There are 4 protein chains.
Amino acid sequence: MLRTAMRVFAEEGPEVSLSRIAQRAGVGAGTVYRHFPTKEILIEAVLAKHVEGLVSAADRWTAQATPGDALFGFLLEAIETSAGRRHFCDLLPTGQGWPLAVLTAAARRFNEALERLLRDAQEAGAVRADIRTDDLTALTVGGMALRSAHRDRARGTRLVRLLLDGLRPPCRRRDYWGGHPRHRRHEILHASRSVP
Amino acid sequence: MLRTAMRVFAEEGPEVSLSRIAQRAGVGAGTVYRHFPTKEILIEAVLAKHVEGLVSAADRWTAQATPGDALFGFLLEAIETSAGRRHFCDLLPTGQGWPLAVLTAAARRFNEALERLLRDAQEAGAVRADIRTDDLTALTVGGMALRSAHRDRARGTRLVRLLLDGLRPPCRRRDYWGGHPRHRRHEILHASRSVP
Amino acid sequence: MLRTAMRVFAEEGPEVSLSRIAQRAGVGAGTVYRHFPTKEILIEAVLAKHVEGLVSAADRWTAQATPGDALFGFLLEAIETSAGRRHFCDLLPTGQGWPLAVLTAAARRFNEALERLLRDAQEAGAVRADIRTDDLTALTVGGMALRSAHRDRARGTRLVRLLLDGLRPPCRRRDYWGGHPRHRRHEILHASRSVP
Amino acid sequence: MLRTAMRVFAEEGPEVSLSRIAQRAGVGAGTVYRHFPTKEILIEAVLAKHVEGLVSAADRWTAQATPGDALFGFLLEAIETSAGRRHFCDLLPTGQGWPLAVLTAAARRFNEALERLLRDAQEAGAVRADIRTDDLTALTVGGMALRSAHRDRARGTRLVRLLLDGLRPPCRRRDYWGGHPRHRRHEILHASRSVP
DNA sequence: CATGAATGAGCCTTCATTCAT
DNA sequence: GATGAATGAAGGCTCATTCAT
């Protein structure tokens, strides 16, 4: 049933009614409730399961690849397998507001795994030194959104790679952004305000 | 009233009830319905307004900066001003499922502006040649998600810049991704499947 | 199991779910249903058991005390042991709406016992002659309510005794109520109607 | 609508569904909700209204009758007009567990009125000196139950009067209860325990 | 014969939408 | 044209009842 719930959530968004889920699982509404006393708990169970899968993936990558490849491989895999799960986007950065213990535990393990991967990759010189774990989290979320936003799977993946490449140590690249002269910065601010 | 609706949506999420909006606008519920016969139509109007703002911004950047700066400046501004508007994320890539003509029109104008900016930047050599307009759309969505995912505004913006830098022409960088030997690719797929 | 049901009903009110009862009885929900095909039937069984206890008590008092003491002792005991059982209050007066035969039988036996006690007490001159069996029933219900309504157990019991004393033959007491002059009676009616 | 709710509650008990009430009021379910955001709030409103009526009645009796008549008249009236309202029985003694301020306020005013009536009646010598306000409350509840338990209105009222007469100063009556010899008391206890 | 998972009707509550004033 | 009370269809949740194991 958890399987079905995951599928239905992924396909129809986190706002499907429990009865719809029950229907697609081929059971009565009360049955879902027997296993997950609350809709929120069901969502959390789904998320926790997914996060657990990611933690396993992190471990697998750690064991089977060089530090750099491990980090990049894992991030790409996490993004690819999580794309389209709006819950997940909402969950990852905060890890808060979710009462279920199992979920916060899973989120913690996820962050620890991410931290290990990042540290190793940085020590191996495969990743810029100024990146932090929560940057990776945000990047993952962004990657997921980006990935889901592209109609074309292959191109989406290519873009995600481009995105991740931003983590690699820079190659004699000037800072395109810091150099904006004062007046242009002002324009940005002005523009920002002008957009309703 | 549209103003109020935009503010309320931004502040309280896209799930506020219409009565709440009416309340905050200081009018009766019926009055909102006089202007926007459906909640969906109201949402679309809000989105369309926002998109119009972005189109104006695109025009402004086109007029006031070099092609490269214009594209990057515009994308950054679009991301910064749109961050947190979940509707927007859902809207941009597909442009579908939204019945209102005014919105598809706005979306089209937005895409045209984006296309112009991209073409100019590419002709100026400021952006990789293999980028397409829908890549930019996806990138924008990803940037918005990334941006919202970071608790720390400043770091969030820095990451968005990293993300956008991926568009710039590569500096003699080997392709980190294509080189994966066959068996590792297989592992990725395998892993992907194993994540629930 | 009937024991457990009685305890649970007394402790948690008549609205406990059957699963709760099954749980506290240490059996499966289905097992409860094997013995009591319906929740209502279970409730009736509980009530019948309680009524049976009261009938035994009536017999005991009949055998062991003078007619007057027997009636008063029994009524007090019935009230004290029944206080707080809302079902019981609902049941006693009507005896209706309860399909189960065993219950109406028990109620009949209870009324017969009460009738015997009353007749004997009246013949002994210990109780007013104008009291009828259904008065006693009503009085019992009132006593139970009164008894449950008092926070203070001891005072509650004292009040119940006051209540029961009303049954004893009057001591040259004028009728406080009959003497109301006509216009005041009208006021009472008027007032009654005016209370919503 | 409050009227209808009061009637329906009185007729069908406090457990009627809101939809039933709406149905009998001839309105949609949502309409009830508009006026009473919660079922509990509706119940409280009904109760408060009734209690207010009783407070007015208390004032009327105070103004129009001698202290003794006022107390007895009021109690009789309160019992007669409240009979059958199970809510009311549950409310009166505790006054707690009801979140709505308006209700606790009404309950407080009711108790104050009762206290005044009692004090005056006691000073006039029309009521035993050892009666306290909470005795009256309990007595009222008991009277209501008693009153509802009798099929025959007239006899019910007569019994209630008997009940209330217990409040009047005793006429050289021995204490029928205190004199029980020890062994009989033991029997009562034994009996109590023996009733399941 | 016991078990407890499954069922589904029903309850309270919410809210988009309509319409008399 | 504006108002906000009324509507009624869902949604989440509970629980008496059934039935395969």
Side-chain angles (χ1 to χ4, degrees), chain A residues 1 4-5 12-23 25-43, chain B residues 1 5 8 12-44, chain C residues 1 5 8 12-44, chain D residues 1 4-5 12-23 25-43:
Chain A
M1 160 146 42
T4 306
E12 313 197 15
E15 320 217 333
V16 263
S17 69
L18 273 207
S19 10
R20 179 97 182 86
I21 294 177
Q23 190 188 46
V27 300
T31 306
V32 176
Y33 185 79
R34 159 169 288 276
H35 294 288
F36 307 96
T38 288
K39 192 185 187 185
E40 196 171 34
I41 289 179
L42 170 58
I43 293 182
Chain B
M1 161 147 43
V8 177
E12 314 195 16
E15 319 218 332
V16 265
S17 68
L18 270 210
S19 4
R20 179 98 183 90
I21 295 175
Q23 188 190 47
R24 293 215 18 191
V27 301
T31 308
V32 176
Y33 272 85
R34 175 156 301 281
H35 295 284
F36 308 98
T38 287
K39 193 186 189 185
E40 195 171 35
I41 289 179
L42 170 58
I43 291 181
E44 292 189 342
Chain C
M1 160 148 45
V8 177
E12 313 196 15
E15 319 219 334
V16 264
S17 68
L18 271 209
S19 2
R20 180 96 183 89
I21 294 176
Q23 188 190 48
R24 293 216 17 192
V27 301
T31 307
V32 177
Y33 271 87
R34 174 157 304 279
H35 294 284
F36 308 98
T38 287
K39 193 186 189 186
E40 196 172 35
I41 290 180
L42 170 59
I43 292 182
E44 291 189 342
Chain D
M1 160 145 41
T4 307
E12 313 198 14
E15 319 216 334
V16 263
S17 70
L18 273 207
S19 11
R20 179 98 182 85
I21 294 177
Q23 189 188 48
V27 301
T31 306
V32 177
Y33 185 78
R34 158 168 288 277
H35 294 287
F36 307 97
T38 287
K39 192 187 188 185
E40 196 171 34
I41 289 180
L42 170 58
I43 293 182

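Please read all numbers here as calculations on a predicted model, not as lab measurements.
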For D:Ala29, side chain to side chain contact (heavy atoms under 4.5 Å, CB included) partners two or more places apart: none

Could you tell me which residues satisfy side chain to side chain contact (heavy atoms under 4.5 Å, CB included) with B:Pro14, sequence neighbours excluded, listed by chain and number? B:His87

Set of side chain to side chain donor-acceptor pair (under 3.5 Å) partners for A:Ser19, sequence neighbours left out: A:Ser17

Whole-Å distance between [N] [atom2] and [X] [atom1]?
| X | N | atom1 | atom2 | answer |
| --- | --- | --- | --- | --- |
| A:Leu42 | F:dG11 | CG | C1' | 14 Å |
| D:Arg20 | E:dC12 | CZ | C1' | 17 Å |
| B:Gln23 | F:dA5 | CD | C1' | 15 Å |
| B:Glu44 | E:dA16 | CD | C1' | 16 Å |

Could you tell me whether the side chain of A:Val27 reaches within less than 4.5 Å of the side chain of A:Thr4, counting heavy atoms only? no

Watson-Crick and G-U pairing of DNA chain F written in dot-bracket, each distance under 3.5 angstrom, with | for inter-strand partners: .||||||||||||||||||||

Contacts of B:Arg20 that satisfy salt bridge (charged side-chain N to carboxylate O under 4.0 Å, His left out) - sequence neighbours left out: B:Glu12

Hey, does the side chain of A:Arg34 come within less than 4.0 Å of E:dA5's phosphate (OP1/OP2), counting only N and O? yes

From the candidates F:dA2, E:dA2, E:dA6, the one with an atom nearest any side-chain atom of A:His35 is E:dA6

F:dT7, E:dC1, F:dA2: which one has an atom nearest the side-chain heavy atoms of B:Thr31? F:dA2

If you assign C:Val32 and D:Phe36 each to the DNA chain E nucleotide with the nearest heavy atom, which residue ends up on the more 5' nucleotide? C:Val32

Protein within reach of the bases, or only the backbone? For nucleotides 16-21 of chain F, mark each nucleotide 5' to 3' as B, S or -, using heavy atoms under 4.0 Å. SBB---

Kindly state each residue pair satisfying side chain to side chain donor-acceptor pair (under 3.5 Å) with at least one member in residues 27-37 of chain C, sequence neighbours excluded. none

